[in-house]
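Atoms within each ligand, like the ligands themselves, are counted from 1 in listed order. The first residue of the sequence shown is numbered 1, and numbering continues consecutively from there.
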Amino acid sequence: MNNTNENVNIVIAGPRGNMGREAVRMVTDTDHFTLKAVVDSKHDGMRVADLDGMPALDIPVYTDMDRCFSEHEVDVLIDLTSPAFGRKHMEIAFNHGVRPVVGTTGFSDEDIETLRTIAENKNLGAIIAPNFAIGAILMMKFSQMAAKFLPDVEIIERHHDRKLDAPSGTAIKTAQLISEVREAKVQGHPDEHEELKGARGADFEGMKIHSVRLPGLVAHQEVIFGGEGQTLTIRHDSMNRASFMPGVRLAVETVLSIDTLVYGLENIIE
Ligand code: NAP
């Protein structure tokens, strides 16, 4: 196992995506990180330098993750592809003794338990983080703190219109954290009804979650608490994908020293 100050050999999956491009920059800019290869959905056998708009890096591109790990000594996989591939990529990484850091969402509780069992059986660390932005983690923690005193709460999350899943993993995680400290309760008027289906948003133990998808947005969330004669709004905005990279770097460094699966960056930021 690597210590955090030693060189870390990394493969990035999804290097041409918005997140992947930032991750390529972050890894190549970090002294003790080495980008060994990338796994793309196409361009097998090419070099990163050959890909449109990518930096001039003489690093191989694979479409077959299994072959990539067979041909390179790799410590950590950073997966920034799509919810459909996160689980499969983690299993391939585990088979090769590679520790996955995964930013895709859409994992069920059952997926997480299965993957945690594999990680522990193989003595490997793994991190799945629905949100790598440190500010968003603080928003979740502050929301949990506030919910003890102001249990009526609604969440509005806003994302770019290419996002596939709704509500966002961060909104669900926020609701889960809040539900740990408050009794489930019905909010709004007990007799309220929707004139248009979905008007009141998704329901998580009485908390309403509203998802907005528009071009121009990146990732934003407001957690609004209501009490007698007052409201409290806790808001976080990611202005660009660079906002996620300190969290990705922290996850890469942390995954080397754990031997289980951690779900959520809030569990490694104390
Ligand atoms: P994006 O711009 O659509 O990029 C995804 C990239 O992954 C594309 O280049 C895509 O290639 C590639 N890809 C898809 N399937 C692949 C596969 N099987 N193997 C290799 N590459 C594959 O999306 P994004 O905005 O960068 O987001 C990427 C993921 O990160 C999403 O799941 C998103 O929800 C998540 N995300 C997480 C955070 C966080 O903080 N955890 C923040 C933002 C986004 P093609 O276009 O050729 O399919």
Side-chain angles (χ1 to χ4, degrees), residues 11-27 37-46 48 51-54 59-69 77-93 100-107 111-112 126-140 157-174 211 213-221 236-252 254-255 262-269:
V11 162
I12 295 174
R16 284 178 302 107
N18 291 305
M19 286 289 280
R21 282 172 198 267
E22 287 298 336
V24 167
R25 187 173 305 133
M26 181 277 289
V27 167
V38 297
V39 176
D40 194 358
S41 55
K42 28 184 131 58
H43 308 112
D44 193 44
M46 292 172 77
V48 169
L51 307 183
D52 247 9
M54 295 292 287
I59 287 167
V61 181
Y62 290 81
T63 50
D64 182 342
M65 185 174 281
D66 203 51
R67 190 160 65 81
C68 172
F69 290 149
L77 163 70
I78 300 176
D79 191 283
L80 299 165
T81 57
S82 84
F85 294 100
R87 177 176 170 158
K88 180 172 161 238
H89 286 171
M90 286 183 81
E91 286 172 356
I92 298 172
V101 166
V102 179
T104 60
T105 47
F107 289 89
D111 286 338
I112 293 166
I127 296 176
I128 302 173
N131 200 322
F132 283 116
I134 310 272
I137 305 306
L138 294 174
M139 169 188 64
M140 288 190 256
E157 55 95 344
R158 301 181 175 88
H159 282 82
H160 57 90
D161 59 351
R162 295 186 61 224
K163 186 167 177 58
L164 296 173
D165 52 324
S168 69
T170 301
I172 295 172
K173 188 74 198 177
T174 307
S211 298
R213 297 290 176 266
L214 284 172
L217 294 170
V218 179
H220 318 260
Q221 181 169 297
H236 177 262
D237 297 275
S238 277
M239 307 300 188
N240 55 43
R241 268 80 177 177
S243 65
F244 301 113
M245 293 306 128
V248 177
R249 189 185 295 117
L250 176 69
V252 169
T254 305
V255 82
V262 171
Y263 182 79
L265 217 57
E266 64 281 2
N267 295 308
I268 60 173
I269 294 172

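In terms of the salt bridge (Lys or Arg N to Asp or Glu O under 4.0 Å) criterion, D66 has no residue partners (sequence neighbours excluded). Residues passing the side-chain contact (heavy atoms from CB on, under 4.5 Å) test with I269 are I134, I137, L250, L265, sequence neighbours excluded. By the side-chain hydrogen bond (donor to acceptor under 3.5 Å, both in side chains) test, T170 is found to be paired with N131, residues two or more places apart in sequence or in another chain being considered.
Considering CG of D79 and CE of M19, their distance stands at 11.0 Å, rounded to 0.5 Å.
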Should K88 and E91 be marked as a salt bridge (Lys or Arg N to Asp or Glu O under 4.0 Å) after you check the CA-CA gap, both sets of side-chain angles, and the distance that decides it? CA-CA 5 Å; K88 180 172 161 238; E91 286 172 356; over 6 Å; no
Please tabulate, one line per pair, the protein N or O atoms found under 3.5 Å from any N or O atom of ligand 1, giving the distance to one decimal.
| residue | atom | partner | partner atom | Å |
| --- | --- | --- | --- | --- |
| ligand 1 | 2 (O) | N18 | N | 3.0 |
| ligand 1 | 2 (O) | N18 | ND2 | 3.2 |
| ligand 1 | 3 (O) | R162 | NH2 | 3.4 |
| ligand 1 | 9 (O) | G17 | N | 3.3 |
| ligand 1 | 11 (O) | R16 | NH2 | 3.4 |
| ligand 1 | 11 (O) | S41 | OG | 3.2 |
| ligand 1 | 21 (N) | S41 | N | 3.4 |
| ligand 1 | 26 (O) | N18 | N | 3.1 |
| ligand 1 | 26 (O) | M19 | N | 2.7 |
| ligand 1 | 40 (O) | F132 | N | 2.7 |
| ligand 1 | 41 (N) | G103 | O | 3.1 |
| ligand 1 | 41 (N) | A129 | O | 2.8 |
| ligand 1 | 41 (N) | P130 | O | 3.2 |
| ligand 1 | 47 (O) | R16 | NH2 | 2.8 |
| ligand 1 | 47 (O) | S41 | OG | 2.6 |
| ligand 1 | 47 (O) | K42 | NZ | 2.9 |

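Taking the side chain as every heavy atom from C-beta outward, E157 and R213 approach each other to under 4.5 Å.
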